[in-house]
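Atom set for the values below is all heavy atoms of this structure, side chains included, hydrogens, waters and symmetry mates excluded. Throughout, protein chains are lettered first and strands after them, A, B, ... in sequence-line order, and every chain is numbered starting at 1. Just so we're clear, the structure is a prediction, and the values are computed from it rather than from any experiment.
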2 protein chains.
Amino acid sequence: MSSAVRSRKVGRVPMPAVKKANGVPLYAQIREALRRQISAGELKPGTKLPGEDALTEQFGVSRMTVRQGVSELIDEGLLYRRRGVGTFVSQRHVQRDHNRLTTFFDSAAAEGFDARIEVLAQEVVPAKHMVAQALDLKEGEPVIYIRSLRFADGLPITLHDEYVPYKLFPELLYQEMTTMMSWEALERSGYRVKHAVQKVEALPAEHNIATVLQMEKGAPILFKHRTVIAEDGNPLEFALCYSRGDSYALTMTLKR
Amino acid sequence: MSSAVRSRKVGRVPMPAVKKANGVPLYAQIREALRRQISAGELKPGTKLPGEDALTEQFGVSRMTVRQGVSELIDEGLLYRRRGVGTFVSQRHVQRDHNRLTTFFDSAAAEGFDARIEVLAQEVVPAKHMVAQALDLKEGEPVIYIRSLRFADGLPITLHDEYVPYKLFPELLYQEMTTMMSWEALERSGYRVKHAVQKVEALPAEHNIATVLQMEKGAPILFKHRTVIAEDGNPLEFALCYSRGDSYALTMTLKR
DNA sequence: GAGTGGTCTAGACCACCCG
DNA sequence: GGGTGGTCTAGACCACTCG
């Protein structure tokens, strides 16, 4: 009847591997401490972590705080929990998170090639049906249209058509777009990007696209069709990307 | 010096919109109650939710419990929080979560077409280099190879080559594979699938693939290359999928 | 039955945002 | 300054897993 045997507090060894008041939340310090131990090999794949009670004492914080730190590593896939058994280090860690919105330059740097963007058009046009629909506008409302060509190691890889509602951010018309995407410019102006919804298809290259990308007409194109959504759920940007099939791939993770 | 003005406990109106002891955790009940209010239109997009204190009283639970329920809806993208301001209903909800591992039949049902799988091969073969690498095996170790053709409304859409380590699940060789994928069979045998890593490309159809998919040689194929990972991080299945470019698309969401 | 994670409480102080 | 979310505590009981 009485109760939990938990918190059997031995001699209360403080041992604060984490400490307050340095601006970083305790759970974040715990998260990073564990991450460090894992990447340093102190906690090898497959091994069991100390129990939550043990971590509670070790770090000198409450159990809920430990759980918050551990939970974030679980969301990242670095750890997994099994009720009644324990918390373990995953075998294979997700290399990079490919399910995030990245910039062309970031990806290029990660893959190790030289990146360059050439802007082919930057103007105000009336929204065509598809664009209006994606951006929640009426057909014909003004949108800023930016067409750019992206090069990797000097070769044209992707033709990019972006559309942003004119009323949302008229200044975009005069921004230098050779180093960022529209949504990056929007973020710098205070909009908060939540996520993007993207559709991917394989298409034969049309004549004009084949010409720009210096490939044969009819050769495979990896085609992406993307809408960038703000934190409040409103669309910020609509984009169509045509990438050379022979030099472009997309990687992603699918959760169960 | 004293303290927070929180929990000003009026008359303690129980009003348990959620109740214990029915097997469903309180935070889950709260999550579903809020989800219902949102989809019923009682909480319209853009509106602010009652504060966490208010929800605490309304549901008759502690604040941490409310936060857990709300947090899960935030992870789903249905709500968003702004510190110092409040919690709001997102404008546009993510329609379906396309970042999950789905079965061919589930997707077919969601898209509204008839699905059929025809198994072309199901045998034990030695692992070739690429397969061995993906599955953490030595070259030549036995793997179960299953080639299947997937039809939508009677038309061949995808050619599917799957590989599973023989030692992992020898029974797979005799399973009826016209209704499920290998990883589904593995799950039913107690393995826990965590996620899959997938690469997507656009390729020209080779002769034999073009023949099977009844398309022209050289026409665009959406090619996927996938490894299914278990909870403990070990690879369970490696698959190559060739889909007709003109009748197959992939949708996904990218977080910021 | 011992150990472990899952859920939950009733508070508290802080940081942030806005009028 | 008042309201809101962000973090944190020191407990508690439950459900599950395993030897």
Side-chain angles (χ1 to χ4, degrees), chain A residues 1-10 12 14 16 18-32 47-74 79-89 190 192 231, chain B residues 1-10 12 14 16 18-31 47-75 79-89 190 192 231:
Chain A
M1 211 59 12
S2 72
S3 62
V5 195
R6 248 181 179 124
S7 23
R8 48 259 136 99
K9 296 269 167 102
V10 272
R12 178 60 168 155
V18 293
K19 45 193 166 176
K20 216 152 182 169
N22 65 352
V24 181
L26 295 178
Y27 72 84
Q29 293 180 47
I30 291 170
R31 187 210 325 126
E32 295 312 317
T47 60
K48 192 162 94 55
L49 255 67
E52 294 179 349
D53 285 350
L55 291 175
T56 290
E57 276 191 33
Q58 198 182 121
F59 287 114
V61 302
S62 79
R63 184 165 166 237
M64 288 299 270
T65 303
V66 165
R67 276 179 70 78
Q68 189 172 356
V70 169
S71 293
E72 299 196 353
L73 293 177
I74 284 171
L79 300 177
Y80 64 98
R81 274 201 270 247
R82 294 189 58 178
R83 166 184 247 187
V85 186
T87 304
F88 302 82
V89 180
R192 300 172 191 229
E231 192 183 58
Chain B
M1 221 26 47
S2 72
S3 59
V5 197
R6 243 171 186 136
S7 27
R8 46 264 139 92
K9 295 272 167 94
V10 270
R12 178 58 167 154
V18 293
K19 44 192 168 190
K20 218 155 182 167
N22 64 352
V24 182
L26 295 177
Y27 73 84
Q29 293 181 46
I30 291 170
R31 179 199 345 114
T47 61
K48 192 164 93 56
L49 254 65
E52 294 179 348
D53 285 349
L55 291 175
T56 291
E57 278 192 31
Q58 200 181 117
F59 287 113
V61 301
S62 81
R63 185 166 164 237
M64 288 298 268
T65 304
V66 165
R67 276 179 70 79
Q68 190 173 355
V70 169
S71 293
E72 298 196 355
L73 292 177
I74 285 171
D75 288 343
L79 301 177
Y80 64 96
R81 276 201 269 247
R82 294 190 59 178
R83 168 185 261 207
V85 185
T87 303
F88 302 82
V89 180
R192 300 173 189 233
E231 191 183 57

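If you find the closest nucleotide of DNA chain D to A:M64 and to B:G86, the one lying nearer the 5' end belongs to B:G86.
In this structure, B:R82 CZ and A:E231 CD are separated by 5.5 Å, a value rounded to the nearest 0.5 Å. Taking CZ from A:R31 and OG1 from A:T65, the interatomic distance works out to 13.0 Å, rounded to the nearest 0.5 Å. The structure places CD1 of A:I74 at 11.0 Å from CZ of A:F88, a figure rounded to the nearest 0.5 Å.
Between B:L49 atom CG and D:dG3 atom P there is a gap of 18 Å when expressed in whole angstrom units. With rounding to whole Å, B:L79 atom CG is found 16 Å from D:dT4 atom P. What separates OH of B:Y80 from P of D:dG5 is a distance of 12 Å, to the nearest Å. Atoms CG (B:L55) and P (C:dT9) sit 14 Å apart, rounded to a whole Å. In this structure, B:R67 atom CZ and C:dC14 atom C1' are separated by 13 Å, rounded to whole Å. The interatomic distance linking B:F59 (CZ) with C:dT9 (P) rounds to 13 Å, in whole Å. Atom CZ of B:R31 and atom C1' of C:dG6 are 14 Å apart (whole Å). In this structure, CD of B:E57 is placed 14 Å from P of C:dT9, rounded to the nearest angstrom.
Between B:K48 and D:dG3 there is no side-chain N or O to OP1 or OP2 distance below 4.0 Å. Contact between the side-chain N/O atoms of A:Y27 and the OP1/OP2 oxygens of D:dC8 is not found at any separation under 4.0 Å. Listed pair A:T65 / D:dT7 fails the phosphate criterion, with no side-chain N or O lying under 4.0 Å from OP1 or OP2.
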Under 3.5 Å, which N/O atoms of the protein pair with N/O atoms of nucleotides 15-19 of chain C?
{"residue": "C:dA15", "atom": "O3'", "partner": "B:R83", "partner atom": "NH1", "Å": "3.3"}

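In this structure, A:I30 and A:L55 have side chains that are not in contact, with every pair of non-hydrogen atoms separated by 4.5 Å or more. The shortest distance between side-chain heavy atoms of B:E72 and B:Y27 falls below 4.5 Å.
Residue B:E52 places its side chain closer to D:dG6 than to any other of C:dT4, D:dG6, C:dC8. Closest to the A:R63 side chain, of the nucleotides C:dC8, C:dG5, D:dT7, is C:dG5.
Nearest approach of B:L79 to B:V89, heavy atoms of both residues: CD2-CA, 3.8 Å.
For the side chain to side chain contact (heavy atoms under 4.5 Å, CB included) test, residues two or more places apart in sequence or in another chain that qualify with A:S71 are A:R81.
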